[in-house]
Structure formats: C-alpha cells, structure tokens
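Keep in mind the model is a prediction, meaning the values are calculated, not measured.
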Amino acid sequence: QVQLVESGGGSAQAGGSLTLSCAWSGFTSSYIENRMGWFRQTPAMEREGVAGIDSNGRITYLDSVKGRFTISKVNAKRTLYLQMNSLKPEDAAMYYCAADPNLRGELRSAAAFRDWGRGTQVTVSS
C-alpha cells in the first residue's frame, strides 16, 4: 500500500523559507512513482498544482512560485522535497504530496494523481 507522509510545514514570516518533505513507502516494481508533485489548497480555493517532477527529470512550476520554490527528489531516501524561499502571505495553505505510477500525465493537475498524503500546513505572516 502506497503511503505518502508530508512534514516540514509550520509558520514563517514573509520573505522567509521552509522546506517541505514527503516520505514515500509501499511502492513496488509494479508501481513506480513516475510522477510526483506538490499541491496546495485553502478553504477559498481549489487544490492547485505548485510543482511537479517525473522520472525523466521533467519539472514544472506554478507561475507564481517560479524562482522561489524548488522541487527535488532523492530516491535513495525515498523523499520528495519542496524548498520554499521568499515566502509570501499568499503561499499560506495546506500543502499535499501526490504520486502516480503513470509516466504520461499532467504534473500539476490534481485529477492526474492517484495517491495523496494528508498534508502539512504552511502559515506565512506579513
């Protein structure tokens, strides 16, 4: 059974940094985490794709986080990361990690991902 567990959320001031981690387990040879991504959601908005990465090295970012956020993956540690710098109040949200075994698919579309973590909360104060 695939499990994704996020950590690293918390409170930061505007301009500050946080690093989110997503530890995965349960993947087998028949289910490879070909696409992984970070999403965020607030009560006021639908879940949006922040950053995505696939096993071919393709990476994509939400326009509003380009140059500030960096997604990376260390397979040996079975961990996906999201380095968030220059945080803004509008970055505050619940952040979710997602994975899907299908290499073909959108990297920032929530509908294109099968497995999800429970999320980690990010708060940014101005």
Side-chain angles (χ1 to χ4, degrees):
Q1 184 177 357
V2 173
Q3 285 191 320
L4 303 169
V5 180
E6 303 94 335
S7 61
S11 298
Q13 290 190 330
S17 299
L18 285 172
T19 301
L20 305 184
S21 300
C22 172
W24 73 75
S25 63
F27 292 112
T28 66
S29 59
S30 62
Y31 183 135
I32 302 172
E33 65 290 0
N34 275 319
R35 285 184 295 115
M36 299 195 76
W38 286 100
F39 293 77
R40 65 187 182 188
Q41 187 173 18
T42 70
M45 72 176 186
E46 293 183 355
R47 193 166 297 190
E48 66 176 356
V50 176
I53 185 170
D54 73 12
S55 57
N56 286 333
R58 180 175 55 132
I59 292 176
T60 182
Y61 293 99
L62 182 67
D63 283 347
S64 62
V65 307
K66 285 181 181 178
R68 300 189 297 121
F69 290 11
T70 302
I71 187 172
S72 62
K73 185 158 71 90
V74 179
N75 291 333
K77 294 185 177 181
R78 298 185 178 181
T79 304
L80 179 74
Y81 299 97
L82 185 68
Q83 174 67 44
M84 306 188 295
N85 297 328
S86 302
L87 283 163
K88 302 178 180 179
E90 52 263 42
D91 293 321
M94 182 71 81
Y95 281 72
Y96 298 90
C97 170
D100 195 274
N102 192 345
L103 182 57
R104 294 184 177 184
E106 294 292 327
L107 287 179
R108 289 193 294 107
S109 171
F113 284 81
R114 192 186 84 172
D115 295 288
W116 293 84
R118 293 189 173 185
T120 185
Q121 183 71 45
V122 171
T123 303
V124 183
S125 58
S126 57

Any chance you could measure [X], atom [atom1], to [Y], atom [atom2], to the nearest 0.5 Å?
X	Y	atom1	atom2	value
Ser55	Lys73	OG	NZ	6.5 Å
Glu48	Ser109	CD	OG	12.5 Å
Thr70	Met84	OG1	CE	11.0 Å
Arg104	Asn34	CZ	CG	11.5 Å

Can you give me every donor-acceptor pair (side chain of residues 7-20, partner residue at least two apart or in another chain, under 3.5 Å) with its distance?
residue, atom, partner, partner atom, Å
Ser17, OG, Asn85, OD1, 2.9
Thr19, OG1, Gln83, OE1, 2.4

query = What pair of heavy atoms forms the shortest contact from Thr79 to Ser21, and how long is it?
reply = CG2-CB, 4.0 Å
request  = Work out which heavy atom in Val50 is nearest to a heavy atom in Leu82; give both atom names and the distance.
outcome  = CG1-CD2, 4.3 Å
Can you give the donor-acceptor pairs under 3.5 Å from side chains of residues 86-99 to other protein atoms, not counting sequence neighbours?
residue, atom, partner, partner atom, Å
Asp91, OD1, Arg40, NH1, 3.0
Asp91, OD1, Arg68, NH2, 3.1
Asp91, OD2, Arg68, NH1, 2.7
Asp91, OD2, Arg68, NH2, 3.4
Asp91, OD2, Lys88, N, 2.8
Tyr95, OH, Arg40, NH1, 3.0
Tyr95, OH, Asp91, O, 2.6

task = Determine, using the 4.5 Å side-chain heavy-atom cutoff (strictly less than), whether Ile59 and Leu107 are members of one ILVMFWY cluster.
result = no
Same apolar cluster (I L V M F W Y, side chains within < 4.5 Å links), Phe69/Ile53 = yes
request  = Would you list the pairs meeting side chain to side chain donor-acceptor pair (under 3.5 Å) in which at least one residue belongs to residues 117-126, sequence neighbours left out?
outcome  = none
task = Could you tell me whether Asp100 and Arg35 make a salt bridge, using a distance below 4.0 angstrom between a side-chain N and a carboxylate O?
result = yes
request  = Would you check if the side chain of Glu6 reaches a backbone N or O of Gly119 as a donor-acceptor pair within less than 3.5 Å?
outcome  = yes
key: Heavy-atom donor-acceptor pair, Trp38 side chain to Arg108 backbone, under 3.5 Å   = no
ask   = Looking at residues at least two apart in the chain, or sitting in another chain, which of them share a salt bridge (Lys or Arg N to Asp or Glu O under 4.0 Å) with Arg58?
value = Asp54
query = Without hydrogens or angle criteria, can the side chains of Lys77 and Asn75 be said to hold a donor-acceptor pair below 3.5 Å?
reply = no
key: Of all pairs that satisfy ring pair (Phe, Tyr, Trp, His ring centres under 6.0 Å), the ones with a partner from residues 39-68, not counting sequence neighbours   = Phe39-Phe113, Phe39-Trp116
inquiry  = With a sphere of 6.0 Å drawn around CD of Glu106, does it hold more than 12 non-hydrogen atoms of other residues, nucleotides or ligands?
reply    = no
query = With Asn56, which residues qualify under side chain to side chain donor-acceptor pair (under 3.5 Å), at least two apart?
reply = none
